[in-house]
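Here the structure comes first, spelled out in structure tokens, and everything after it is commentary.
All of these numbers come straight from a predicted model, not from anything done at the bench.
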Amino acid sequence: MKVPVHKIVGDVCMTYKDGERLQREFREAFDRGDTVELDFDKTRIFVTVFFNAAVASLLENYSRDELERRLKIVNLPPAAKELLDDSLDNADRSYHDPNLREVSVSNPDRSSLAIHG
């Protein structure tokens, strides 16, 4: 399934809400096991919170390897790719690092340090 990001959120990928909107467009196909291609052609501004909602939150239910195998990202500028990678790294730690989860659970005052999407 090919998803033209520009047609869903426009040329600016900045809000959590826009990220959620994008994920809704492809989530059913992804959950079925289909490969999804997110095409960022004609998009120009990106922030981490958008990637947290659009992509990184998938790591709650999927491994990083599976995500990288089945979610293809095309036409994403190198600087935006760095933001996406940071978002994925943080979410991966948040969802899968038992030490981070232990800190979040055992010390509720510090739970905001864990990024949950």
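Under the side-chain hydrogen bond (donor to acceptor under 3.5 Å, both in side chains) criterion, R70 pairs with E66, not counting sequence neighbours. Take D31 and apply the side-chain contact (heavy atoms from CB on, under 4.5 Å) test, not counting sequence neighbours, and it matches R27, Y62. Applying the side-chain hydrogen bond (donor to acceptor under 3.5 Å, both in side chains) criterion to D85, with sequence neighbours excluded, gives K81. Considering only residues two or more places apart in sequence or on other chains, D34 meets the side-chain hydrogen bond (donor to acceptor under 3.5 Å, both in side chains) condition with R32. Every residue two or more places apart in sequence or in another chain that forms a side-chain contact (heavy atoms from CB on, under 4.5 Å) with L71 is listed here: F26, F30, V36, L38, V55, L58, L67, I73.
A donor-acceptor pair under 3.5 Å links the side-chain atoms of S87 to the main chain of N52, judged by distance alone. Put simply, the side chain of Q23 gets close to the backbone of A53: a donor and an acceptor are under 3.5 Å apart.
With contacts defined as side-chain heavy-atom distances shorter than 4.5 Å, the pair F46/F51 qualifies. Residues L88 and R64 meet the side-chain proximity criterion, which asks for heavy atoms closer than 4.5 Å.
Once rounded to the nearest 0.5 Å, the distance linking CG of D92 with CD of E60 reads 12.5 Å. For the atom pair T43 OG1 and I45 CD1, the distance stands at 10.0 Å (nearest 0.5 Å). The structure places CZ of F50 at 4.5 Å from CG of L22, a figure rounded to the nearest 0.5 Å. Atom CG of D89 and atom CG of L59 lie 9.5 Å apart (nearest 0.5 Å).
A salt bridge does not link D39 with K72: every distance from a Lys NZ or Arg NE/NH1/NH2 to an Asp or Glu carboxylate oxygen is 4.0 Å or more. Looking at R21 and E25, no side-chain N of the basic residue comes within less than 4.0 Å of a carboxylate O on the acidic one, giving no salt bridge.
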* Go through the steps for E37 and V3 under the test side chain to side chain contact (heavy atoms under 4.5 Å, CB included), then give the verdict. => CA-CA 6 Å; E37 178 180 294; V3 180; over 6 Å; no

Less than 3.5 Å apart, which donor and acceptor atoms pair up between the side chains of residues 5-14 and the rest of the protein, not counting sequence neighbours?
unit_1: D11; atom_1: OD2; unit_2: R44; atom_2: NE; d: 2.7

